[in-house]
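All remarks here apply to the structure that follows.
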Amino acid sequence: MIKEYNTIREVAGPLMLVEEVEGAKYEELVEIELPNGEIRNGRVLEVDRDRALIQLFEGVTGVNVFQTKVRFKGKGMELDVSEDILGRIFDGQGRPIDKGPKIIPEKRLDINSAPINPYARDYPSEFIQTGFSTIDGLNTLVRGQKLPIFSGSGLPHSKMAAQIARQAKVLGKEEEFAVVFAAMGITFEEAQYFIQNFQDTGAIERTVMFVNLASDPAIERIATPRLALTAAEYLAFDKDMHVLVILTDMTNYCEALREVSAARQEVPGRRGYPGYLYTDLSTIYERAGRIRGKKGSITQIPILTMPEDDKTHPIPDLTGYITEGQIVLSRAMHRRGIYPPVDVLQSLSRLKDKGIGPGKTREDHADVFNQLFAAYARGLEARELEVILGEAALSDIDRIFYRFAENFEQRYIAQGEDEDRSIEQTLDLGWELLSALPTIELKRIRPEFIEKYLPRFKKKEESGD
């Protein structure tokens, strides 16, 4: 039942205080009618006895305290869902913006769904191929996992996000796979880049896009990831699809949260962010996973730009506590022209061991990963030694690892913007690079795997192919 009031007591910034209100609820949607008939929308931020604090989506310019009507809709923000949402583009309030028809809903879902009950969770254990060697080979993404990308201003995280959305697939038996892509606080140019990229490559057919521009209201930015995850939950748990959710940029989301918190005059926490930032982020990240008895799954790749490239900043710091690893992008590698500029030694997937091995990727995957990581770390040590003491100070074996690190960066980490490597290509490339090392140095690979795989690549190395 919709209730109407004209008892506005105060307007401050994007907030409006309404008195003598009956039965208002937190997160309830509100409709504001201005004296000229214009309709604006808002939601309830706080309820104190008969007073409700409302935040407007479109701002309070032109609101007349005495003549403006406020209607409480009796429900929270909902998303209309059906299978027709695939291939469609929506704004930060869930309205179509692609000039397509309105969605005829199979269901209307509240966007503030609860996180998955820990008891009902199934353990993530199946490999998702992204086409990036640095992720598939070294920091494997597993179905149902939350694996963020820690980036910085000016780094190519947008290109990576678009490429992952185009290339990601579940291997093995044929299963339905979808991508839900949510962009928060991005520029119009960035939005056009993503939309054009998905349309040109055909990836839009299996993608649901939610786009919130930098010029859109902050309160809308807070709703955008929840709309995306509501769409993902419908596709995963009602339609048995495997859904990859990409959220970019979570830093813009947290800035919007700080803006709303400041407007409410809440006591700030670290760096002015609200004290409940950790809890709020967890309500987003914990909506990823698998549920026992359900075929579908939700895998999340949140992307965030670290202010001043600072990993101790509250946003990456708290994200790291909630998620299962991180892919860290390096500004130094970006300056050297390496794409994607993934910092291998700082990146980590805590669930990688659960998604690799026989029947998932290949029997030698774990050993190849461990050896590549160790050899690259040793090569970087040799590089540091060369910078400090000069090349003459390097031993013969140091020089071999020095060259290995160079090759590893140029051939394994670096790849083209349209290069989609299979896991077999990634593993074979690892063996090819390792074949340049003396066999005695391959201490992290089991002898049976060395015997089975190495001769093929040693012959290639010797013949110069």
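Numbers for residues simply follow the sequence, beginning at 1. It should be emphasised that the depicted structure is a prediction, and the values quoted were computed from it without experimental measurement. Quick note: numbers below take in every heavy atom, side chains included, and nothing from hydrogens, waters or symmetry partners.
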task: Report yes if the side chains of I327 and I135 come closer than 4.5 Å at any heavy-atom pair, otherwise no.
output: yes
message: Testing F369, F408, F404 one by one against Y376 for a ring-ring contact (aromatic ring centres under 6.0 Å, His included), which residue passes?
response: F408
field: Polar side-chain atom of H365 near backbone of G137 as donor-acceptor pair, under 3.5 Å
entry: yes
message: Determine whether R271 and D310 satisfy the following criterion, salt bridge (Lys or Arg N to Asp or Glu O under 4.0 Å), listing intermediate values before the conclusion.
response: CA-CA 13 Å; R271 307 234 187 150; D310 180 11; 3.0 Å; yes
message: Side chains of Q415 and P340, heavy atoms from C-beta outward: is any pair under 4.5 Å?
response: yes
task: Using distance alone, with no hydrogens and no angle criterion, decide if Q93 and E220 have a side-chain donor and acceptor under 3.5 Å apart.
output: yes
- request: Check the pair R121 / E286 against salt bridge (Lys or Arg N to Asp or Glu O under 4.0 Å), numbers first and verdict last.
  value: CA-CA 11 Å; R121 282 184 180 274; E286 292 298 343; 3.2 Å; yes
- prompt: Going by atom types alone, do Y339 and Q163 pair a side-chain donor with an acceptor below 3.5 Å?
  reply: yes
message: Here's one to test your reading of the geometry: is the NZ or CZ of R378 within 45 degrees of the ring axis of F373 and under 6.0 Å from its centre?
response: no
message: For Y273, does the six-membered ring have the charged nitrogen or CZ of R258 within the cation-pi criterion, i.e. under 6.0 angstrom from the centroid and within 45° of the normal?
response: yes
task: Could you tell me whether the side chains of T230 and R287 share a donor-acceptor contact shorter than 3.5 Å?
output: yes
query: Does a salt bridge link E419 with R421, judged by any charged N lying under 4.0 Å from a carboxylate O?
result: yes
- prompt: Counting only N and O atoms by type, is there a donor-acceptor contact under 3.5 Å from the side chain of Q167 to the main-chain atoms of T130?
  reply: yes
